[in-house]
Amino acid sequence: MGVVPRELWKKEHPPDDKNRIRLNLTCPLIMKGREAVLVDTGIGNRLRDVERKIFGHEDGWLLDGLSALGMEPGDITHVVLSHLHFDHCGGVVRRRPSDGLVAAFPRARYFVQRGEIEVASGSSNERMRAAYRHAAECLQPIAPLLEPIAGDTTVIPGVQALVTGGHTVDHQVVLVQEAHDAFVHLADIVPTRSHIRGPWNQAYDLDPLTTMERKAHYLERAVAQRWWISFAHDDQIFTAHVGKEGGKLTLSDTVGVPREYEVNRRRASQDA
Ligand SMILES: [Zn+2]
């Protein structure tokens with residue numbers, strides 16, 4: 001929560017005895033004709049036991065979610081990564097029982113900002129090196145499928161990757177526009193429902209002032225044009241409309257996280 005004191009967020013996001021809060025790893029799937037565009041991939045199954053314990057991470061439901069739709073990983077045609085932190089790109093690979101890592105979506109084209117790949121590939125800064133220490137392991141198996149992009153890019157007609165910066169230098173969000181409806185996944189510039197408020201930003205942000213400026217821009221457009229918005233990490237809300245009441249942003253028409261996820265989540269926190 002960055003500079004926001006714990007007293008202000010602990011009710012809405014109750015921390016456990018290790019001072020961790022519950023977060024989802026939301027990965028929207030955009031289906032249009034024969035195209036299936038996945039936005040971000042979660043942590044995946046590549047973490048070692050020690051790391052899994054630190055984060056209290058259970059195996060994700062991304063592949064289960066796909067099979068519930070009657071889809072296989074090979075049906076994903078595009079993967080757009082908002083940025084290359086491990087909780088967004090870890091799922092681009094799948095650890096096999098033999099311990100090898102393979103591309104999780106073997107027929108997809110992977111869209112990542114070129115600048116993000118460059119930073120992830122090597123930085124003289126200690127914090128940056130730590131933030132991307134997993135990147136080589138994730139990017140190597142998908143190298144032939146990787147399409148570095150530079151700046152705002154149309155992924156398929158009606159689906160755009162738009163650079164915001166802020167969280168990372170080349171962080172991007174995904175905007176889907178149809179004739180009368182639109183949806184924007186704000187990824188890590190608005191990671192939870194609490195972060196629609198200006199000063200509520202992540203301690204992880206490289207440049208919180210840019211995050212504030214960019215999220216204000218997108219949230220204003222979302223209010224004016226009644227876009228659906230979604231967040232990378234909210235534990236309760238998948239998507240909602242955003243409006244303004246007395247100068248304050250409010251959420252409505254919320255689509256909540258389904259109950260079976262609650263069950264999984266309780267199990268995960270007990271294991272941890
Ligand atoms: Zn994140």
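Read the numbers this way: they start at 1 and go in the same order the structure lists the ligands and their atoms.
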A.B. asks: Please find out if the Zn ion (ligand 1) and some N, O or S atom of His83 are separated by less than 2.8 Å.
C.D. replies: no

A.B. asks: So do His233 and Leu25 actually touch side chain to side chain, heavy atoms under 4.5 Å?
C.D. replies: yes

A.B. asks: NZ of Lys32: more than 12 outside heavy atoms within 6.0 angstrom?
C.D. replies: yes

A.B. asks: Between Arg214 and Asp207, does any NZ, NE, NH1 or NH2 come within less than 4.0 Å of an OD or OE carboxylate oxygen?
C.D. replies: no

A.B. asks: Please find out if the Zn ion (ligand 1) and some N, O or S atom of His85 are separated by less than 2.8 Å.
C.D. replies: no

A.B. asks: In this structure, is the centre-to-centre distance between the rings of His85 and His134 below 6.0 Å?
C.D. replies: no

A.B. asks: Are the charged groups of Arg95 and Glu137 less than 4.0 angstrom apart, N to O?
C.D. replies: yes

A.B. asks: Which atom name would you report as the N, O or S atom of Asp87 nearest the Zn ion (ligand 1)?
C.D. replies: OD2

A.B. asks: Report the name of the N/O/S atom of His88 located nearest to the Zn ion (ligand 1).
C.D. replies: NE2

A.B. asks: Taking the N/O/S atoms of Asp188 one by one, which is nearest to the Zn ion (ligand 1)?
C.D. replies: OD2

